[in-house]
Amino acid sequence: MSAMVEINADLCKGCGICVSVCPSRVLALGQVVNSQGYATAVPVLPMACTGCRYCAVMCPDVAIRVMLT
Amino acid sequence: MSAMVEINADLCKGCGICVSVCPSRVLALGQVVNSQGYATAVPVLPMACTGCRYCAVMCPDVAIRVMLT
Amino acid sequence: MKTLFERTQGLTDIPFHYCPGCTHGIIHRIIGEVLEELHLLENTVGVTGVGCAGFAEQYINVDFQGSAHGRAPAVATGIKRAHPELVVFTYQGDGDMVSIGLAEAVHAAARGEKITAFLVNNANYGMTGGQMAPTTLIGQKTATSPYGRQSEQSGFPLDLPVLISNLPGAAYVATVTVDTPQNVFKAKRAVRQAFKTQMDGLGFSLVQFLSTCPTNWGLTPVESIQWMQDNMFPVFRIGELKQPQ
Amino acid sequence: MKTLFERTQGLTDIPFHYCPGCTHGIIHRIIGEVLEELHLLENTVGVTGVGCAGFAEQYINVDFQGSAHGRAPAVATGIKRAHPELVVFTYQGDGDMVSIGLAEAVHAAARGEKITAFLVNNANYGMTGGQMAPTTLIGQKTATSPYGRQSEQSGFPLDLPVLISNLPGAAYVATVTVDTPQNVFKAKRAVRQAFKTQMDGLGFSLVQFLSTCPTNWGLTPVESIQWMQDNMFPVFRIGELKQPQ
Amino acid sequence: METMFMKGNEAVAEGALQAGCRLYFGYPITPSTEIIEYMAKHLPARGGTFVQSESEVAAIYMVFGAAGSGERVMTASSGLGISLMQEGLSYMAANELPAVLVNIMRTGPGLGGLGPMQGDYFQATKGGGHGDYSLLVLAPASVQEMADLTMTAFDLADEYRNPVLILADAALGQMMEPVTFGAREPKRYDKPWATTGAKGRKRNLVTSYNLQNEVGEQKSIYLEEKYRFIQERLQWAETYQTEDAEYVLVAYGTSARIAKGVVNALRENGVKAGLVRPITLWPFPSKVFTPLNERVKGYLVVEMSAGQMIEDVRLSTEGKVPVAFYRRQGGIVPQHDEILEEFAHAFSVGGILA
Amino acid sequence: METMFMKGNEAVAEGALQAGCRLYFGYPITPSTEIIEYMAKHLPARGGTFVQSESEVAAIYMVFGAAGSGERVMTASSGLGISLMQEGLSYMAANELPAVLVNIMRTGPGLGGLGPMQGDYFQATKGGGHGDYSLLVLAPASVQEMADLTMTAFDLADEYRNPVLILADAALGQMMEPVTFGAREPKRYDKPWATTGAKGRKRNLVTSYNLQNEVGEQKSIYLEEKYRFIQERLQWAETYQTEDAEYVLVAYGTSARIAKGVVNALRENGVKAGLVRPITLWPFPSKVFTPLNERVKGYLVVEMSAGQMIEDVRLSTEGKVPVAFYRRQGGIVPQHDEILEEFAHAFSVGGILA
Amino acid sequence: MEQRVIVAGFGGQGVLFVGQLLGYSAMVKGLNATWIPSYGPEMRGGTANCSVKLGDEEIVSPFITRTTHLFAFNEPSLLRFLPSVEPDGVVLVNGSLIGADSLKNVSSLAVVVPALEIAEQLGTRNSWNMVMLGVYLQTQTLLNRENLKQGMGKMVGQKHPERIESNLQAISAGMKWMSEQGGFIPNEIVAARH
Amino acid sequence: MEQRVIVAGFGGQGVLFVGQLLGYSAMVKGLNATWIPSYGPEMRGGTANCSVKLGDEEIVSPFITRTTHLFAFNEPSLLRFLPSVEPDGVVLVNGSLIGADSLKNVSSLAVVVPALEIAEQLGTRNSWNMVMLGVYLQTQTLLNRENLKQGMGKMVGQKHPERIESNLQAISAGMKWMSEQGGFIPNEIVAARH
Ligand SMILES: Cc1ncc(C[n+]2csc(CCOP(=O)(O)OP(=O)(O)O)c2C)c(N)n1
Ligand SMILES: Cc1ncc(C[n+]2csc(CCOP(=O)(O)OP(=O)(O)O)c2C)c(N)n1
Ligand code: SF4
Ligand code: SF4
Ligand code: SF4
Ligand code: SF4
Ligand code: SF4
Ligand code: SF4
Ligand SMILES: [Mg+2]
Ligand SMILES: [Mg+2]
């Protein structure tokens, strides 16, 4: 089983909080700008995700889903 | 020297507080009704007054003067 | 002939209109005396709330502004900020200050406003005929708690000095009583201390007086003092809750 | 495939309009989650104050009334007294609850009103562009304290939970933070405890959240969390100040 | 059916109870105090809830909350307290919340005095709060009407989803008269919009914020149309001897009682006088004036204020008929003889003074 | 003399400073916030005192206290906050306290929205508080006037011992325009009635309570006469192209700016149109209408409300001339073309639409 | 026919009670009635008064400009309300508090009632105001003792039957005293006139 | 002559600044000018716009119904305000955020400015909005570079002369770019038109 993090780019505002709290450095702010003009967060090291949910718990826009596959 | 208590019958409302606090039982509520309809306090044992001022300090209508003669 | 006690210059000549035995009168007198003793009669502005206390402006011999119900601390703030050199005090009932005027009172304390507030707590709304106040005791019958105040419906008596005494802006906070000559002297000392706190620029000062309302309590004046001692003294924390360091 | 974390039914589908990184969003979410977990979504009425927080009604998935600025505790009282069987909570900013709405909040506590109040303290008025709040820290620059808040002029930060925690009507009082995942979990426990206190009919419950306002603080969201830890944590008493016996 | 000898204030309270008022939130103020005291005493026993609020501001928002969750609710005060409620009243109207409030008018402005006055007419009818809205305003003129119009007020509030204000001067609040309560059953209204917990339905929002101007304008137009609809339907006035009247006195509340005596006196002296007594102050019963404007020689407005309702009378008479004015202030009620004198003077009618 | 490019709100604040305003008490609210922020920034440096109050209720009573002790003082807010001040305003008027307040109107009722609106006209001009009193109400229509009328307001307040309200819609508060400040010296008024400590004089009382009705009535009559005196003297309006006008638009504030453009367009199309722009809303400049009523064929009132000032226009026209109405609401400003259309429709004037 | 009654005196003298009782009694008799008190903080000053109107026609105003019956329980009240009394009106005066001097200028019928003494004889000192009511009954024809009895029943309910009883006794005593003065003859001077 | 300019984009793009600069510049030139922003909590949503009117006659309304110049800094702004642009108006588009697709329905003159690229070449990435202003200068005759310079001086004061300098460089670069496109010929299609 491995964990997977999913970021809803429509909701993400690129605040960077998830990036700062992920213990496994899974996330980073990307270059792509969404329809609101925000550079959203993206999983840059998706495989490193442990499913700890820190990112989701701290995301102010509830843009993150964490799953176990 | 002896103490003397003087009650302003226009101001007195006959509340009886001075009567109740005088340690020397100098005062009592009289039978005479003033223009406001109040039976005012009168010194019934004027000579017993020690000048302790308790009555004056407690009079809500500042109707009492205490003197030393 | 020496005068041991006479009417202070701090009071006007107008007879009080208060009910017989109402201790508002004692409180007026000691405030007037302290103002006279501290030579403040020409340097002070009082602010009344609305309530029986609202007539203080007729009796205490300084400039006065009549505020709206509960707003005296705000009015006093306006005066003090306009004229920091003046001594400014409010005279308010418990309904006035603890109920409708709570926000203004607490914020003045929190701001450390350099004013003095006198709170006359007679456990009900005297002026309007004896309704429940935030200070009304549990079980006490009033015109709006005809079955006795019940905490389940109306909560618990509010002791404003206790509430604000830990605010850093509150410099001097005391609760005093006017039930005996000795306690009246103590009360007068508290009044003096409150004004001094203001004059020294230390912050907000508050003196709560426990006071009687014979008319609405349905007791004689002397019984009222007894009732106050028996029922109010255990509920409100008496003493100097906070003194300037 | 198992879901470890997904959006709660306690939130609507409408995206938050809050600024990037504003922790109002975290607080919304945990309230929504607790409401869902306690099966309260069909049994609850929320009341918003005015402020950024005022939009909570769009997002938290229960019946809502939008109150005027500061008056949510009074509105909640009206609802709760009309429908004691409902769970009623307020969601208010620090300007809303501690400044203009102080009287309503303290009186609701004093009455032991069986409602829950959530106070989001971001040390300023977010919605109107970052003015000074009663919670603004000494020295903090805001739009109305452009030279930094000075206690001499504006007094001291007001910590509402501390102020009311000794009132007998206040049954559960806590201050929590949303700066780390661990603290968010703690905050969520406080939310649950607050609702439970209400459901058990024990009295008034208040949870203060220390929260960020990156936009008006002029910091990035991540810097804001750091600023909150460095500057707000020492000033506001964090923890459960009062628990039901 | 029972007849009681009651104060107007008590009749208001009893009327509310009989109309099914379930909650009362309020703050004491002379000369309205008997209302809150009656409620404190009787509401709990009759299955309701009484809360003394910390202020009038809190009172109106408690009323807001209870009304928003669908219950019949009331508050009462006097001018000063009603002033403090202006923000709340604007909110209630914007949210279309039904509730009944009572203003037992004392003298103003400021702290004023405790005597009867009609100086809060503008505040009541033009909207003392911000924005375009109206309260429905009812003006009783007897203790019986204090009871009856209070009951009516609850129905109107629910019918039109709007706060209804009973506007009475202190004399009406303080006086006692016989008053009869019939076995009037309170009407029941469905309130699907109320916040009662979103069980088995979509969640309800009671809010008045409009992020977008376009939405705001739609809301404004909706309210405007509602108000116009009410204005069409709800213009109540008592007309007394107006059928053949050449002169018409216009007054409400206690002023109207005295004016009625004046009309009687004028009739005894052969002057064809009549009385229009507006019962709804908002909507103002303009329609009543339309036929009169064509044949009346003069109106005499009598108020206990510097002249407030007279503006609505002027608007209703469209400049067609002269409008004279008599008033007393400061808690003093206009006197029969004085009104007669003013009448004689305004319309140069002789021989009517004793 | 310096010309600056400023927001209307800033111009109000700078105007106040130049008028010698020494104290500001207030509470933030969009769209007036620039005023409090400007004061927080500049008042201390210019020898004054700024206090952010805990609420609008507290603000107006702080203003009360400072005004009562003789200092020039101001507060500003928007509709909701002004509603909360109604009790205080009644008190201030009753105590004849001079001060300046500013309402930067947003949309209402209730929480409303932030767009510009003129829905607080009734509240401002009829007295939203209890009792008979009036505020003096000034309505600027440009950023320059935001500054100038604020300065004037301080003088009027002291001159007549009455609170003066600047009533401006949010567009005027938020827009920037060039504004020039002259070297206008603030007038100085003696205030022997102020509470400044009773040194060398009898003590002063600032109170509004009347124990006896007779005293209350004297006070009412005194105030009434003062107001009538002001009404006689102080009716200000800008008239534009009214000399030969057959049709007159009536509007204030932002509406008036747009209406002026419409007048220009009508003139270009050969229609003799003019504009009356009331500058004092209380007293309403009725006198300006008197000569016009005799020859004008129609008035068109333009407001950003459901229709409030139109009542005063109707009262001023005494039914002699038809009064048409155009308005937008909810934060939307009436548009040039729409007004033209309404004009064409109301007065059956053809050929003026593009 | 309309009676316009003012009752005035110190607080605590039962001023409002006496007035209300007239109102209740009129109501139970099927008459129209209004009662209005002076109210508010003046009461702190210790005086009180109320106006009662009774009659078979609609009562337009509850206020009284021309008084038909004045109950003056103390001197300030007498001085204050005397000017409003009609030439053929009746002034009922509490003789225990008001001296003959004060009545010098009274041109209407003035009845000085030794009410306290009468009540003391009954052993119910506090019922002196009921004695006054008894005297009043003899000066008019709208209300009689039975009306007052029923009014009292409606007013205080059946909770204190003994109080009603002692009140009625005092009323009777007042009636008796007045008839001993020769009864009431409209527009004539009765024994009690000063 | 009256110019009616709308500047619209995301918060943080300097929308209000650009608009105010136009106002200040007009003022120092002795023209009339009004500026009005959209304001309030919509800004939380991340968009901003303002309306500027400039001209030598009295400006009656600060609001714009027919736009002569639209600065569209992002796509939603373009879509929102395009309908208001006059047939002979000018649409100045931030080419770095707005794709050619969005311009399909533009019937007025649209100038797509590679503003970010130009600013980056200058080494002042953030001054791309000044580049837009430079382009604008070439499309009208009311204001020139000198006016903007003075307006900027009045607006930001002498505190940051280096910022003024770099802004002016960016303006010049924008002007240069536009003139390289063949300059502005009213009612004709310029190179940049899509
Ligand atoms: C806004 C407003 N609400 C209500 C009142 C009526 N009112 C006058 S005094 C008072 C209460 C006074 O009680 P308190 O402050 O305890 O003073 P006390 O008379 O007991 O000394 C009230 C409710 C008022 N004047 N203004
Ligand atoms: C009576 C009233 N006064 C002022 C305002 C303007 N106002 C709206 S929100 C707000 C402050 C909000 O600050 P806070 O409560 O701290 O919430 P935040 O936006 O910081 O979450 C103010 C002053 C208002 N809406 N109503
Ligand atoms: S679940 Fe944990 S490890 Fe995975 S992305 Fe989120 S914070 Fe990182
Ligand atoms: S915390 Fe949420 S909103 Fe912020 S960057 Fe991460 S996913 Fe986006
Ligand atoms: S001074 Fe003392 S002893 Fe004399 S009467 Fe007063 S209380 Fe009694
Ligand atoms: S205490 Fe004063 S008022 Fe009371 S009885 Fe004695 S003298 Fe009279
Ligand atoms: S009512 Fe009570 S507080 Fe007021 S004067 Fe009388 S006794 Fe004193
Ligand atoms: S202004 Fe502050 S509190 Fe409001 S949404 Fe933005 S960051 Fe959050
Ligand atoms: Mg009290
Ligand atoms: Mg905040």
Side-chain angles (χ1 to χ4, degrees), chain C residues 47-55 57-58 64-72 75 93-106 124-136 140-158 160 163 216, chain E residues 7 9-10 13 23-62 75-86 88 104 106-114 170 173-174:
Chain C
V47 184
T48 48
V50 182
C52 290
F55 294 97
E57 61 198 34
Q58 299 294 325
F64 256 98
Q65 291 193 22
S67 138
H69 196 29
R71 315 306 173 192
V75 172
D94 49 340
D96 191 87
M97 195 175 193
V98 188
S99 190
I100 192 170
L102 184 74
E104 285 76 14
V106 175
N124 77 21
Y125 291 13
M127 163 77 117
T128 40
Q131 293 80 17
M132 184 176 67
T135 47
T136 293
Q140 186 182 341
K141 286 188 184 164
T142 70
T144 51
S145 58
Y147 311 107
R149 178 178 184 166
Q150 292 164 284
S151 61
E152 185 64 14
Q153 284 303 311
S154 317
F156 301 87
L158 203 47
L160 187 68
L163 188 75
N216 290 307
Chain E
K7 279 196 173 189
N9 282 337
E10 294 164 339
L23 297 114
Y24 185 94
F25 303 98
Y27 192 80
I29 183 168
T30 314
S32 75
T33 325
E34 290 83 2
I35 301 177
I36 190 173
E37 293 180 358
Y38 197 98
M39 287 304 205
K41 189 155 175 208
H42 297 288
L43 191 49
R46 284 151 86 169
T49 300
F50 166 82
V51 177
Q52 182 172 319
S53 61
E54 60 270 30
S55 68
E56 291 88 350
V57 173
I60 194 66
Y61 285 106
M62 291 177 183
T75 189
S77 187
S78 185
L80 306 88
I82 303 285
S83 289
L84 287 171
M85 295 184 189
Q86 291 306 321
I104 305 297
R106 61 194 252 183
T107 78
L111 189 45
L114 305 176
Q174 289 298 322

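Below, chain A is the first sequence line, B the second, and so on; all start at residue 1.
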Q. Considering only heavy atoms, which portion of Leu84(E) lies under 4.5 Å from any heavy atom of chain C: side chain, backbone, both, or neither?
A. side chain
Q: Sort Phe50(E) into side chain, backbone, both or neither according to what part of it lies under 4.5 angstrom from a heavy atom of chain C.
A: both
Q) Heavy-atom distance under 4.5 Å to chain E: side chain of Thr144(C), backbone, both or neither? A) both
Q. Using non-hydrogen atoms only, which part of Ala68(C) is less than 4.5 Å away from chain E: side chain, backbone, both, or neither?
A. neither
Q. If you measure from OG1 on Thr33(E) to CE on Met127(C), what distance do you get to the nearest 0.5 Å?
A. 10.5 Å
(Q) Are His42(E) and Tyr24(E) an aromatic pair, judged by ring center distance below 6.0 Å? (A) no
Q: Output all residues satisfying side-chain hydrogen bond (donor to acceptor under 3.5 Å, both in side chains) with Tyr61(E), sequence neighbours left out; order by chain, then residue number.
A: Glu87(E)
Q | Sequence neighbours excluded - salt bridge (charged side-chain N to carboxylate O under 4.0 Å, His left out) pairs with any residue from residues 39-59 of chain E | A | Arg111(D)-Glu54(E), Glu14(E)-Arg46(E)
